Amino acid sequence: MSILDGLNDRQREAAGHIDGPLLIIAGAGSGKTRVLTHRVAYLIKECNVDPYNIMAITFTNKAAGEMRERVDKIVGSGCEAVWVMTFHATCVRILRRHIHEIGYDNNFTIYDTDDTKAAMREVYKKLQFDPKQLREATVLREISNAKNELIGPDRFMSENAGDYRMAQIGKAYDLYQDILRNNNALDFDDLIRLTVSLFERCPEVLANYQDRFRYIMVDEYQDTNNAQFELIKLLAAKHRNLCVVGDDDQSIYKFRGANIKNILNFENNFSGAKVIKLEQNYRSTQNILNAANSVIAHNYGRKPKKLWTDRDGGDPVFFRVYGNGREEARDVAEQIIRLKRRGIADFGDCAILYRTNAQSREFEEQLVREGVPYFIIGSVNFYSRREIKDLLSYLKTIENAQDDLAVARIINVPKRGIGQTTIQKVMEFADGNNMSFYDACTMADQVPGLGKAAAKIEKFTSFIYNMREVLAQEGMTAVLKEIIDETGFIDEIKKADEDDAEDRIGNIEELISTVRQYEDNHPEATLSDFLEEAALVSDLDSADEETSRVLLMTIHSAKGLEFPHVFLCGMEDGIFPGFMSINSGNEEDIEEERRLAYVAITRAKDVLNISAAKSRMVRGETQYLPVSRFIKEIPEELMESENASDTGAGFGSHGSSFGSSYGNKVAENKLLKKNAAAFLGVKAGTASDTGRASQQRTAQVNTTAGTFTRGADLSFGAPDYGPGDRVRHVKFGDGTVKAVDKGPRDYQVTVEFDGVGQKIMYAAFAKLIKI
DNA sequence: CGTACTAGTCTTTTT
DNA sequence: GACTAGTACG
């Protein structure tokens with residue numbers, strides 16, 4: 001009995017092809033992970049390949065983990081030596097060993113997007129650039145693009161000397177690299193780029209890895225950028241046993257440098273390549289596949305393929321149009337509840353997908369209101385939350401204080417009375433004496449013009465010094481707890497703002513237990529090992545631990561996942577496809593969005609619900625957008641459409657209650673919004689109590705102004721509840737109002753929440769609903 | 001030096 | 001609408 005039994009013919013052919021370049025075009029749901037894992041097992045078990053000689057590269061930790069697990073299962077012990085890692089982790093591993101050979105320090109830290117922005121702000125200060133003329137984000141994007149093309153600062157500057165704007169960017173690039181270098185830091189793009197340059201400049205290092213990795217596999221090959229392509233090409237050059245798996249129709253990462261040509265031209269780049277297509281889909285119903293096939297057929301220049309399944313028919317694709325975004329969200333929540341109640345699906349079988357993260361809020365609100373358990377993936381990565389980053393910066397500083405940005409981040413967190421001017425002075429001193437910021441801090445008494453601040457800095461450095469002792473004696477969990485206790489970190493958060501203090505403290509607790517777990521599982525690991533892992537982890541990696549909750553995520557995050565019931569929302573021109581791609585006038589941008597639509601549709605196993613809204617709040621403005629062009633690309637006979645817009649004039653519906661005529665509704669709404677705010681403002685001036693009269697008055701205002709009295713506007717009006725009333729909060733649930741106090745800006749409300757306890761919050765912020 | 005408020009920007013998508 | 005950098009004031 002062979003390992004390859006149980007695969008279909010195509011899959012078996014792919015997994016069993018061992019020598020020479022191989023391209024596997026794997027349609028959505030065609031079992032590509034299965035093929036990859038079986039191939040690894042086959043190499044080891046039946047071809048006697050040493051696991052040490054095999055490498056599999058993925059894009060996400062999740063994919064890597066999954067593959068590792070499945071290989072373990074088939075092969076059993078002995079496959080630990082196989083490298084199954086992300087591109088970034090692979091490069092880090094190589095660079096940690098060899099980067100000194102191209103003049104860097106092996107002990108580098110890794111900068112995430114936030115750190116990168118901070119570094120760029122530094123650049124702007126030094127070069128006296130004006131962010132209004134040239135945005136930091138633009139420069140960072142250009143730098144990233146350059147790095148993906150393996151263009152360093154020198155080449156960038158010489159190639160762009162003629163163009164003023166680009167020359168400015170070149171200067172920024174150059175200084176940005178200096179700053180990273182001084183902080184002993186690499187950004188994500190550097191990890192790849194410098195590995196390539198290591199290989200190019202040190203042939204013996206390259207030869208070493210070429211000999212080691214005789215069999216190389218790359219997952220999601222359509223997402224590789226040029227730097228990653230070079231990396232693979234170099235590694236595979238000797239043995240040419242390169243197997244790449246991908247789907248050109250699912251290439252959705254152009255914005256971060258992915259080059260779809262890598263997969264389209266694979267046969268040209270690797271002569272003698274074999275190409276195998278996997279077109280049988282094991283996931284979706286035929287109806288869903290037909291919809292996906294019809295949409296993607298509108299793209300040009302793709303590798304022709306057509307998914308098929310033996311799951312005949314199935315439900316039609318449901319398409320509903322709502323009056324506005326809130327109706328859409330509410331109805332999706334209700335539909336999910338109905339599915340659950342009828343025993344058709346569990347919460348965990350449902351996923352809500354959208355184009356942009358900003359769309360998640362409305363769904364979150366409605367799900368909370370309906371009491372549906374949910375989990376949002378990706379809005380804010382755990383490790384980039386402020387309190388977490390602060391604590392990680394402490395750990396970084398304790399580990400080695402070479403990263404100026406990390407030190408500067410925490411030197412006054414919690415408040416130590418060390419202000420911006422003091423930091424500035426120390427920085428100048430550090431620059432002038434060619435030392436790190438932290439080293440300058442340790443000799444604060446010699447920095448001119450510090451005065452009393454010097455003593456405060458001294459206290460800080462001696463604190464760090466003590467923590468290093470604790471780390472050495474008691475380990476990382478202990479230091480982390482010590483930092484939190486000694487600095488009064490949690491009290492500071494409690495003091496700062498009442499609203500999300502709970503969340504933040506919860507995050508901190510989670511960090512502590514993560515560190516403890518890590519320490520337990522890796523007794524030999526150092527603090528820097530942990531920090532490295534933290535730098536390369538994303539939110540998505542924890543997705544499958546969430547079992548019985550509705551998952552909310554962007555379509556990008558959903559790639560590679562599948563759900564019995566998918567709700568694909570916000571299908572409007574301007575949202576999906578987005579304005580950017582419509583306005584660019586470049587058909588390629590629309591094609592990229594269409595591929596994204598294809599990815600979205602093919603996530604659904606059993607039922608696909610698509611929805612759009614006639615009007616929607618975008619960036620604080622109501623927009624009226626037409627139904628997405630992609631909807632029209634789905635044949636009518638596959639769809640069941642419904643106009644689900646709420647025609648009643650109740651709370652939440654736009655326009656109708658004002659008896660407005662058609663015409664320029666957007667402008668009209670803006671005007672009404674202004675008037676409503678002004679009206680409320682007047683009332684606020686006179687409302688000195690929270691008694692019944694003002695309650696009624698506000699209630700009246702609310703009906704008149706409809707949905708316009710939300711958010712900041714409300715801060716002028718008195719709340720429509722008072723002590724003793726029952727209220728509902730989106731996060732904390734139901735509770736009883738204890739007190740309402742008028743504060744300087746807003747009403748402070750004290751509520752005793754059932755089971756959650758007492759909270760003090762601002763009325764405008766809390767958005768409490770009287771029940 | 002810290003705060004409290006204002007003005008301006010921003011939105012695609014993420015390893 | 002949300003967030004952030006910048007500014008005026010205590």
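Please read these numbers as outputs of a predicted model, since none were measured by experiment. Atoms considered below: every heavy atom in the structure, side chains included; atoms not considered: hydrogens, waters and symmetry mates. Within every chain, numbering begins at 1; the chains are lettered A, B, ... in the order of the sequence lines, protein sequences first and strands thereafter.
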Does [X] reach a base, just sugar-phosphate, or nothing at all? Heavy atoms under 4.0 Å.
X	value
A:Asp223	nothing
A:Gly578	nothing
A:Ile418	sugar-phosphate

To the nearest Å, how far apart are [X] [atom1] and [N] [atom2]?
X	N	atom1	atom2	result
A:Arg616	C:dG1	CZ	P	16 Å
A:Asn61	B:dT15	CG	P	9 Å
A:Arg141	B:dT13	CZ	C1'	13 Å
A:Met120	C:dA5	CE	C1'	17 Å
A:Tyr124	C:dG6	OH	P	13 Å
A:Met553	B:dT14	CE	P	11 Å
A:Ile590	B:dT13	CD1	P	17 Å
A:Tyr354	B:dT13	OH	P	10 Å

Report yes if at least one side-chain N or O of [X] is closer than 4.0 Å to OP1 or OP2 of [N]; otherwise report no.
X	N	answer
A:Arg121	C:dA5	yes
A:Ser557	B:dT13	no
A:Arg619	B:dG8	no
A:Asn412	B:dG2	yes
A:Lys415	B:dT3	yes
A:Arg256	B:dT12	no

So does A:His88 reach the base of B:dT15 with its side chain, donor to acceptor, closer than 3.5 Å?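 For A:His88, whose side chain was compared with the base of B:dT15, there is a donor-acceptor pair (under 3.5 Å).
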Upstream residue (5' side of DNA chain B) when A:Thr554 and A:Gly417 are each assigned their closest nucleotide: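 This one resolves to A:Gly417.
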Side chain of [X], heavy atoms from C-beta onward: which of [options] has the nearest atom to it?
X	options	value
A:Phe255	B:dT14, C:dG1, B:dT15	B:dT14
A:Tyr253	B:dT14, B:dT15, B:dT11	B:dT14
A:Arg361	C:dG1, B:dT15, B:dT12	C:dG1
A:Arg135	B:dC10, B:dT11, B:dT14	B:dC10
A:Met580	B:dT11, B:dT15, B:dT14	B:dT11

If you measure from the P atom in B:dT13 to the same atom in C:dT4, how many Å do you get, rounded?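 Per the computed distance, 15 Å lies between those P atoms.
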Distance between the C1' atoms of B:dT11 and C:dG6, in whole angstroms?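 Pairwise C1' distance, B:dT11 against C:dG6, rounds to 22 Å.
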Aromatic centroids of A:Phe255 and A:His556 separated by under 6.0 Å: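 Ring-ring flag for A:His556/A:Phe255: true, centres closer than 6.0 Å.
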Does A:Glu592 pair with A:Lys254 as a salt bridge, N-O distance under 4.0 Å?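 Here A:Glu592 does not pair with A:Lys254 in a salt bridge, since their nearest N and O are not under 4.0 Å apart.
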Do A:Lys32 and A:Glu220 sit within salt-bridge range, that is, some charged N less than 4.0 Å from a carboxylate O?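 Looking at A:Glu220 together with A:Lys32, the answer is yes, because their closest N to O distance falls below 4.0 Å.
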A:Thr554 and A:Ser557 side chains, donor-acceptor separation under 3.5 Å: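 Side-chain D/A pair, A:Ser557 to A:Thr554: present.
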Could you tell me if A:Asn262 and A:Thr224 have a donor-acceptor pair between their side chains, going purely by distance under 3.5 Å?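 Yes, because at least one side-chain N or O of A:Thr224 sits under 3.5 Å from a partner of the opposite role on A:Asn262.
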Just one of A:Asn226, A:Asp190, A:Asp189, A:Asn225 clears the side-chain hydrogen bond (donor to acceptor under 3.5 Å, both in side chains) bar with A:Lys147, so which one?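 Of A:Asn226, A:Asp190, A:Asp189, A:Asn225, side-chain hydrogen bond (donor to acceptor under 3.5 Å, both in side chains) with A:Lys147 is met by A:Asp190 alone.
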